[in-house]
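Before any comments, here is the structure.
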Amino acid sequence: VTRLPETRDIETLVTRVRAGDRKALAGAITLVESTRASDREVAERLLTRLLPHTGGARRIGISGAPGAGKSTYIEALGAHLTGAGKRVAVLAVDPSSLRSGGSILGDKTRMTVLARNPGAFIRPTPAGDTAGGVGRRTRETVLLAEAAGFDVVVVETVGVGQSETAVSGMVDLFVLLVAPGSGDDLQGIKRGAMELADLVIVTKADGDLAPAANRAAADYRAALSLLRPRYPDMPVRIVKVSALEGVGIAESWSALAETAEKLQAGGHLARLREAQLRGWFWSEVQAALAEALASDPAMAAEAEALERAVSAGQSLPGPAADALIRAFRRVDGVNHPP
Ligand SMILES: Nc1nc2c(ncn2[C@@H]2O[C@H](COP(=O)(O)OP(=O)(O)O)[C@@H](O)[C@H]2O)c(=O)[nH]1
Ligand SMILES: [Mg+2]
(Lines give C-alpha, C1' and ligand atoms only; values in the text may rest on other atoms or scores of the structure.)
(Ligands and ions follow the chains in the order given, each with its own letter.)
Protein backbone atom coordinates (compact mmCIF):
# COMPACT_ATOMS: atom_id res chain seq x y z
CA VAL A 1 0.00 0.00 0.00
CA THR A 2 1.41 3.34 -0.99
CA ARG A 3 0.62 6.44 0.95
CA LEU A 4 0.74 10.10 0.17
CA PRO A 5 3.73 11.92 1.67
CA GLU A 6 3.47 13.02 5.27
CA THR A 7 4.21 16.61 4.37
CA ARG A 8 3.12 18.88 1.56
CA ASP A 9 6.02 21.22 2.17
CA ILE A 10 7.76 21.28 -1.18
CA GLU A 11 11.26 22.04 0.08
CA THR A 12 11.08 19.23 2.63
CA LEU A 13 9.93 16.82 -0.07
CA VAL A 14 12.64 18.00 -2.46
CA THR A 15 15.33 17.46 0.16
CA ARG A 16 14.05 14.02 1.10
CA VAL A 17 13.60 12.77 -2.46
CA ARG A 18 17.04 14.07 -3.47
CA ALA A 19 18.56 12.32 -0.46
CA GLY A 20 17.19 9.07 -1.86
CA ASP A 21 14.70 8.61 0.99
CA ARG A 22 12.64 5.67 -0.27
CA LYS A 23 9.56 6.52 1.75
CA ALA A 24 9.62 10.08 0.41
CA LEU A 25 10.08 8.77 -3.14
CA ALA A 26 7.18 6.33 -2.74
CA GLY A 27 5.01 9.14 -1.36
CA ALA A 28 6.02 11.49 -4.17
CA ILE A 29 5.05 8.85 -6.74
CA THR A 30 1.67 8.40 -5.07
CA LEU A 31 1.23 12.16 -5.18
CA VAL A 32 2.09 12.25 -8.89
CA GLU A 33 -0.34 9.38 -9.59
CA SER A 34 -3.15 11.05 -7.67
CA THR A 35 -5.96 12.45 -9.76
CA ARG A 36 -7.09 14.91 -7.08
CA ALA A 37 -6.62 18.51 -8.20
CA SER A 38 -5.03 19.56 -4.89
CA ASP A 39 -2.51 16.69 -5.09
CA ARG A 40 -1.83 17.48 -8.71
CA GLU A 41 -0.95 21.03 -7.90
CA VAL A 42 1.58 19.96 -5.24
CA ALA A 43 2.93 17.26 -7.56
CA GLU A 44 3.56 19.76 -10.33
CA ARG A 45 5.37 22.16 -8.03
CA LEU A 46 7.48 19.31 -6.69
CA LEU A 47 8.34 18.06 -10.19
CA THR A 48 9.22 21.56 -11.33
CA ARG A 49 11.64 21.95 -8.43
CA LEU A 50 13.17 18.52 -9.10
CA LEU A 51 13.46 18.95 -12.86
CA PRO A 52 17.05 20.31 -12.77
CA HIS A 53 18.09 17.14 -10.94
CA THR A 54 16.65 14.70 -13.48
CA GLY A 55 17.96 13.12 -16.64
CA GLY A 56 20.93 11.35 -15.06
CA ALA A 57 19.71 7.78 -15.28
CA ARG A 58 19.96 5.24 -18.01
CA ARG A 59 16.31 4.68 -18.91
CA ILE A 60 15.54 1.14 -20.01
CA GLY A 61 12.19 -0.17 -21.25
CA ILE A 62 11.59 -3.90 -20.97
CA SER A 63 8.66 -5.50 -22.71
CA GLY A 64 7.51 -8.99 -23.53
CA ALA A 65 4.53 -11.31 -23.45
CA PRO A 66 3.19 -12.47 -20.10
CA GLY A 67 5.45 -15.27 -18.89
CA ALA A 68 8.34 -14.28 -21.15
CA GLY A 69 10.53 -13.97 -18.07
CA LYS A 70 10.58 -10.20 -17.56
CA SER A 71 10.33 -10.16 -13.79
CA THR A 72 12.86 -12.96 -13.35
CA TYR A 73 15.27 -11.22 -15.73
CA ILE A 74 14.86 -7.83 -14.05
CA GLU A 75 15.53 -9.45 -10.70
CA ALA A 76 18.77 -10.94 -12.07
CA LEU A 77 19.75 -7.71 -13.84
CA GLY A 78 19.01 -5.76 -10.68
CA ALA A 79 21.27 -8.05 -8.65
CA HIS A 80 24.01 -7.64 -11.24
CA LEU A 81 23.76 -3.85 -11.31
CA THR A 82 23.42 -3.30 -7.58
CA GLY A 83 26.36 -5.68 -7.15
CA ALA A 84 28.34 -3.26 -9.31
CA GLY A 85 27.31 -0.39 -7.03
CA LYS A 86 24.52 1.00 -9.20
CA ARG A 87 21.13 1.96 -7.82
CA VAL A 88 18.20 0.56 -9.78
CA ALA A 89 14.56 1.62 -9.83
CA VAL A 90 11.97 -0.66 -11.42
CA LEU A 91 8.60 0.73 -12.47
CA ALA A 92 6.41 -2.21 -13.34
CA VAL A 93 3.38 -1.33 -15.42
CA ASP A 94 0.91 -4.13 -15.90
CA PRO A 95 -2.23 -3.66 -17.99
CA SER A 96 -3.81 -6.64 -16.23
CA SER A 97 -4.36 -4.31 -13.29
CA LEU A 98 -6.86 -2.53 -15.55
CA ARG A 99 -9.24 -5.38 -14.87
CA SER A 100 -8.64 -5.76 -11.17
CA GLY A 101 -8.44 -2.02 -10.70
CA GLY A 102 -5.52 -2.41 -8.31
CA SER A 103 -1.82 -2.60 -8.87
CA ILE A 104 -0.19 -5.90 -9.52
CA LEU A 105 1.29 -7.85 -6.72
CA GLY A 106 2.52 -10.73 -8.84
CA ASP A 107 5.52 -8.85 -10.14
CA LYS A 108 6.39 -7.46 -6.79
CA THR A 109 6.24 -10.81 -5.11
CA ARG A 110 8.33 -12.37 -7.84
CA MET A 111 11.03 -9.74 -7.41
CA THR A 112 11.33 -10.62 -3.75
CA VAL A 113 15.10 -10.57 -3.57
CA LEU A 114 15.45 -7.30 -5.44
CA ALA A 115 12.66 -5.74 -3.38
CA ARG A 116 14.77 -6.25 -0.23
CA ASN A 117 17.94 -4.91 -1.86
CA PRO A 118 18.81 -1.48 -0.42
CA GLY A 119 20.17 -0.43 -3.82
CA ALA A 120 16.89 -1.16 -5.55
CA PHE A 121 13.43 0.36 -5.56
CA ILE A 122 10.47 -1.51 -7.03
CA ARG A 123 7.22 0.20 -7.74
CA PRO A 124 4.28 -1.61 -9.31
CA THR A 125 2.35 1.05 -11.17
CA PRO A 126 -1.38 0.72 -11.59
CA ALA A 127 -2.20 0.73 -15.27
CA GLY A 128 -3.48 3.99 -16.66
CA ASP A 129 -6.37 4.18 -19.04
CA THR A 130 -4.15 4.96 -22.00
CA ALA A 131 -1.79 3.15 -24.33
CA GLY A 132 -2.09 -0.43 -23.18
CA GLY A 133 -1.94 0.53 -19.55
CA VAL A 134 1.15 2.69 -19.54
CA GLY A 135 0.14 5.43 -17.20
CA ARG A 136 0.06 9.05 -18.17
CA ARG A 137 2.23 9.70 -15.13
CA THR A 138 4.88 7.08 -15.75
CA ARG A 139 7.21 9.65 -17.31
CA GLU A 140 6.96 11.79 -14.21
CA THR A 141 7.71 8.77 -12.05
CA VAL A 142 10.89 8.22 -14.07
CA LEU A 143 11.89 11.82 -13.29
CA LEU A 144 11.25 11.29 -9.58
CA ALA A 145 13.43 8.18 -9.55
CA GLU A 146 16.19 10.14 -11.28
CA ALA A 147 15.95 12.98 -8.80
CA ALA A 148 16.30 10.36 -6.07
CA GLY A 149 19.64 9.40 -7.57
CA PHE A 150 18.89 6.10 -9.28
CA ASP A 151 21.45 5.24 -11.96
CA VAL A 152 19.20 2.92 -13.90
CA VAL A 153 15.43 3.20 -14.26
CA VAL A 154 13.70 0.17 -15.70
CA VAL A 155 10.15 0.49 -17.01
CA GLU A 156 8.63 -2.97 -17.32
CA THR A 157 5.52 -3.47 -19.37
CA VAL A 158 3.56 -6.39 -20.70
CA GLY A 159 3.65 -6.31 -24.46
CA VAL A 160 0.04 -5.78 -25.35
CA GLY A 161 -1.78 -3.09 -27.25
CA GLN A 162 0.16 0.12 -27.55
CA SER A 163 2.24 -0.33 -24.42
CA GLU A 164 5.50 -0.98 -26.30
CA THR A 165 5.16 2.21 -28.28
CA ALA A 166 4.30 4.18 -25.16
CA VAL A 167 7.24 2.81 -23.20
CA SER A 168 9.72 3.20 -26.03
CA GLY A 169 8.62 6.85 -26.11
CA MET A 170 9.99 7.43 -22.62
CA VAL A 171 13.19 5.39 -22.45
CA ASP A 172 16.69 5.53 -23.94
CA LEU A 173 16.75 1.87 -24.84
CA PHE A 174 13.94 -0.54 -25.49
CA VAL A 175 14.46 -4.24 -24.81
CA LEU A 176 12.22 -6.95 -26.19
CA LEU A 177 12.17 -10.19 -24.21
CA VAL A 178 11.10 -13.37 -25.93
CA ALA A 179 10.80 -16.85 -24.51
CA PRO A 180 11.82 -19.87 -26.61
CA GLY A 181 9.32 -22.51 -27.53
CA SER A 182 6.36 -20.34 -26.70
CA GLY A 183 3.72 -18.77 -28.89
CA ASP A 184 5.80 -15.63 -29.13
CA ASP A 185 8.44 -17.28 -31.29
CA LEU A 186 8.52 -14.67 -34.03
CA GLN A 187 5.01 -15.23 -35.47
CA GLY A 188 3.42 -14.10 -32.26
CA ILE A 189 5.55 -11.00 -31.89
CA LYS A 190 4.26 -8.00 -33.64
CA ARG A 191 6.59 -6.53 -36.17
CA GLY A 192 6.02 -3.16 -34.50
CA ALA A 193 7.59 -4.27 -31.23
CA MET A 194 10.58 -5.67 -33.11
CA GLU A 195 11.08 -2.39 -34.96
CA LEU A 196 11.29 -0.56 -31.64
CA ALA A 197 13.83 -2.91 -30.08
CA ASP A 198 17.40 -1.82 -29.39
CA LEU A 199 18.13 -5.23 -27.96
CA VAL A 200 16.36 -8.58 -28.16
CA ILE A 201 16.82 -10.94 -25.25
CA VAL A 202 15.95 -14.60 -25.64
CA THR A 203 15.12 -15.79 -22.15
CA LYS A 204 15.21 -19.23 -20.53
CA ALA A 205 18.26 -20.35 -22.52
CA ASP A 206 18.86 -23.29 -20.20
CA GLY A 207 18.09 -27.00 -19.76
CA ASP A 208 15.53 -28.44 -22.14
CA LEU A 209 14.84 -25.03 -23.59
CA ALA A 210 18.44 -24.39 -24.72
CA PRO A 211 18.00 -25.75 -28.29
CA ALA A 212 14.76 -23.79 -28.70
CA ALA A 213 16.53 -20.68 -27.43
CA ASN A 214 19.22 -21.13 -30.08
CA ARG A 215 16.58 -21.48 -32.77
CA ALA A 216 14.71 -18.43 -31.49
CA ALA A 217 17.91 -16.36 -31.50
CA ALA A 218 18.66 -17.43 -35.09
CA ASP A 219 15.07 -16.69 -36.17
CA TYR A 220 15.22 -13.23 -34.65
CA ARG A 221 18.61 -12.52 -36.19
CA ALA A 222 17.21 -13.39 -39.62
CA ALA A 223 14.04 -11.38 -39.07
CA LEU A 224 15.87 -8.34 -37.74
CA SER A 225 18.26 -8.35 -40.69
CA LEU A 226 15.25 -7.65 -42.90
CA LEU A 227 14.20 -4.60 -40.90
CA ARG A 228 15.63 -1.15 -41.22
CA PRO A 229 17.69 -0.57 -38.06
CA ARG A 230 16.49 2.16 -35.71
CA TYR A 231 19.84 3.89 -36.00
CA PRO A 232 22.18 3.65 -38.98
CA ASP A 233 25.23 1.41 -38.43
CA MET A 234 23.68 0.02 -35.27
CA PRO A 235 22.45 -3.51 -35.88
CA VAL A 236 20.14 -4.73 -33.14
CA ARG A 237 21.91 -7.20 -30.87
CA ILE A 238 20.45 -10.48 -29.68
CA VAL A 239 21.51 -11.94 -26.36
CA LYS A 240 20.50 -15.28 -24.88
CA VAL A 241 20.09 -15.33 -21.14
CA SER A 242 19.14 -17.70 -18.39
CA ALA A 243 18.01 -15.68 -15.43
CA LEU A 244 17.68 -18.90 -13.44
CA GLU A 245 21.31 -19.85 -14.01
CA GLY A 246 22.60 -16.29 -14.12
CA VAL A 247 23.98 -16.75 -17.63
CA GLY A 248 24.03 -13.85 -20.10
CA ILE A 249 22.94 -11.22 -17.58
CA ALA A 250 26.27 -9.37 -17.59
CA GLU A 251 26.44 -9.71 -21.39
CA SER A 252 22.98 -8.26 -21.80
CA TRP A 253 23.93 -5.25 -19.68
CA SER A 254 27.19 -4.77 -21.61
CA ALA A 255 25.21 -4.80 -24.84
CA LEU A 256 22.86 -2.15 -23.46
CA ALA A 257 25.65 -0.01 -22.05
CA GLU A 258 27.64 -0.18 -25.29
CA THR A 259 24.60 0.70 -27.36
CA ALA A 260 23.85 3.64 -25.07
CA GLU A 261 27.42 4.89 -25.33
CA LYS A 262 27.37 4.72 -29.11
CA LEU A 263 24.05 6.53 -29.22
CA GLN A 264 25.35 9.19 -26.87
CA ALA A 265 28.53 9.70 -28.87
CA GLY A 266 26.56 10.06 -32.09
CA GLY A 267 24.20 12.62 -30.55
CA HIS A 268 21.29 10.22 -31.09
CA LEU A 269 20.42 10.05 -27.42
CA ALA A 270 20.14 13.81 -26.96
CA ARG A 271 17.96 14.06 -30.06
CA LEU A 272 15.85 11.13 -28.90
CA ARG A 273 15.20 12.71 -25.51
CA GLU A 274 14.33 16.06 -27.12
CA ALA A 275 11.86 14.35 -29.44
CA GLN A 276 10.38 12.46 -26.50
CA LEU A 277 9.87 15.71 -24.58
CA ARG A 278 8.15 17.29 -27.57
CA GLY A 279 5.89 14.25 -27.86
CA TRP A 280 5.17 14.36 -24.14
CA PHE A 281 4.24 18.04 -24.36
CA TRP A 282 1.75 17.49 -27.16
CA SER A 283 0.21 14.47 -25.49
CA GLU A 284 -0.29 16.62 -22.38
CA VAL A 285 -1.88 19.33 -24.53
CA GLN A 286 -4.30 16.77 -25.92
CA ALA A 287 -5.05 15.34 -22.50
CA ALA A 288 -5.52 18.80 -20.98
CA LEU A 289 -7.89 19.80 -23.79
CA ALA A 290 -9.87 16.61 -23.39
CA GLU A 291 -10.09 17.22 -19.62
CA ALA A 292 -11.14 20.83 -20.08
CA LEU A 293 -13.86 19.74 -22.49
CA ALA A 294 -15.08 16.98 -20.21
CA SER A 295 -15.16 19.20 -17.13
CA ASP A 296 -17.68 21.59 -18.70
CA PRO A 297 -21.10 19.85 -18.88
CA ALA A 298 -22.30 21.91 -21.85
CA MET A 299 -19.08 21.20 -23.74
CA ALA A 300 -19.19 17.52 -22.84
CA ALA A 301 -22.73 17.33 -24.24
CA GLU A 302 -21.68 19.18 -27.39
CA ALA A 303 -18.70 16.84 -27.82
CA GLU A 304 -20.94 13.78 -27.43
CA ALA A 305 -23.45 15.11 -29.96
CA LEU A 306 -20.68 15.77 -32.46
CA GLU A 307 -19.16 12.35 -31.81
CA ARG A 308 -22.54 10.72 -32.47
CA ALA A 309 -22.92 12.63 -35.73
CA VAL A 310 -19.44 11.54 -36.81
CA SER A 311 -19.92 7.88 -35.88
CA ALA A 312 -23.27 7.84 -37.66
CA GLY A 313 -21.55 9.09 -40.80
CA GLN A 314 -23.48 12.34 -40.79
CA SER A 315 -20.53 14.66 -40.13
CA LEU A 316 -16.92 14.57 -41.15
CA PRO A 317 -14.46 14.37 -38.22
CA GLY A 318 -12.51 17.44 -39.39
CA PRO A 319 -15.38 19.95 -39.49
CA ALA A 320 -16.89 18.42 -36.32
CA ALA A 321 -13.59 18.99 -34.48
CA ASP A 322 -13.50 22.59 -35.75
CA ALA A 323 -17.06 23.14 -34.50
CA LEU A 324 -16.13 21.75 -31.09
CA ILE A 325 -13.09 24.00 -30.79
CA ARG A 326 -15.15 27.05 -31.85
CA ALA A 327 -17.77 26.24 -29.20
CA PHE A 328 -15.02 25.69 -26.63
CA ARG A 329 -13.46 29.06 -27.32
CA ARG A 330 -16.81 30.77 -26.83
CA VAL A 331 -17.42 28.99 -23.51
CA ASP A 332 -13.86 29.58 -22.38
CA GLY A 333 -14.15 33.27 -23.28
CA VAL A 334 -17.25 33.56 -21.08
CA ASN A 335 -15.70 31.68 -18.16
CA HIS A 336 -12.35 33.36 -18.24
CA PRO A 337 -12.64 36.95 -19.48
CA PRO A 338 -9.26 38.44 -20.37
N1 LIG B 1 13.98 -22.23 -17.29
C2 LIG B 1 13.83 -20.93 -17.03
N3 LIG B 1 12.63 -20.45 -16.64
C4 LIG B 1 12.51 -19.13 -16.41
C5 LIG B 1 13.61 -18.24 -16.58
N6 LIG B 1 13.16 -16.98 -16.31
C7 LIG B 1 11.86 -17.09 -15.98
N8 LIG B 1 11.46 -18.37 -16.03
C9 LIG B 1 10.13 -18.90 -15.70
O10 LIG B 1 9.16 -18.36 -16.56
C11 LIG B 1 7.95 -18.07 -15.87
C12 LIG B 1 7.56 -16.64 -16.08
O13 LIG B 1 8.57 -15.77 -15.56
P14 LIG B 1 8.26 -14.26 -15.15
O15 LIG B 1 9.57 -13.65 -14.83
O16 LIG B 1 7.22 -14.19 -14.11
O17 LIG B 1 7.67 -13.69 -16.51
P18 LIG B 1 6.95 -12.28 -16.81
O19 LIG B 1 5.48 -12.55 -16.84
O20 LIG B 1 7.44 -11.91 -18.18
O21 LIG B 1 7.35 -11.29 -15.77
C22 LIG B 1 8.23 -18.42 -14.41
O23 LIG B 1 7.69 -19.66 -14.11
C24 LIG B 1 9.72 -18.43 -14.33
O25 LIG B 1 10.21 -19.30 -13.33
C26 LIG B 1 14.87 -18.78 -16.97
O27 LIG B 1 15.88 -18.09 -17.14
N28 LIG B 1 14.93 -20.12 -17.19
MG1 LIG C 1 6.23 -10.07 -14.59
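Remember, it's 1-based here, ligands and their atoms both numbered in the order they're listed. Values below: every heavy atom of this structure, side chains too, minus hydrogens, waters and symmetry copies.
- At a heavy-atom cutoff of 4.0 Å, ligand 1 is contacted by no atom of Ala205, backbone or side chain.
- Exactly one residue among Arg271, Arg230, Arg58 makes a salt bridge (charged side-chain N to carboxylate O under 4.0 Å, His left out) with Asp172. That residue is Arg58.
- For ligand 1, the polar-atom distance check against Gly69 finds a nitrogen or oxygen pair separated by under 3.5 Å.
- Using a 4.0 angstrom heavy-atom cutoff, Asp206 counts as in contact with ligand 1.
- Between Arg137 and Glu284 there is a salt bridge, since a side-chain N of the basic residue sits under 4.0 Å from a carboxylate O of the acidic one.
- For residues 237-256, the salt bridge (charged side-chain N to carboxylate O under 4.0 Å, His left out) pairs, not counting sequence neighbours, are Arg237-Glu258.
- In this structure a side-chain-to-backbone donor-acceptor pair under 3.5 Å is missing from Glu195 to Leu227.
- Under 4.0 angstrom from ligand 1, the non-hydrogen atoms of Leu244 come from both its backbone and its side chain.
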Side chain to side chain contact (heavy atoms under 4.5 Å, CB included) evaluation trace for Arg49 with Glu11: CA-CA 9 Å; Arg49 272 287 281 112; Glu11 292 315 311; 2.6 Å; yes
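- Each of the atoms 17 (O), 20 (O) of ligand 1 lies under 4.0 Å from some heavy atom of Ala68.
- By the 3.5 Å distance cut-off applied to N or O atoms, Tyr73 is not counted among the residues near ligand 1.
- Closest heavy-atom approach to atom 9 (C) of ligand 1 within the set Lys70, Lys204, Lys240: this belongs to Lys204.
- Residue-ligand proximity, Ala65 to ligand 1, at heavy-atom distances under 4.0 Å covers atoms 20 (O).
- Here's the thing with Leu209: none of its N/O atoms is less than 3.5 angstrom from an N/O atom of ligand 1.
- Residue Ser242 has at least one heavy-atom neighbour below 4.0 Å for each of these atoms of ligand 1: 27 (O).
- Side-chain N/O atoms of Arg123 and Thr30 include a donor and acceptor closer than 3.5 Å.
- The Mg ion (ligand 2) has Ser71 among its coordinating residues (N/O/S atom, backbone or side chain, under 2.8 Å).
- Proximity of a side-chain donor or acceptor of Lys86 to a complementary backbone N or O of Gly78 within less than 3.5 Å is not detected.
- Within the structure, no pair that satisfies the ring-ring contact (aromatic ring centres under 6.0 Å, His included) test touches residues 271-295, not counting sequence neighbours.
- The backbone and the side chain of Ala243 each have at least one atom closer than 4.0 Å to an atom of ligand 1 (non-hydrogen atoms only).
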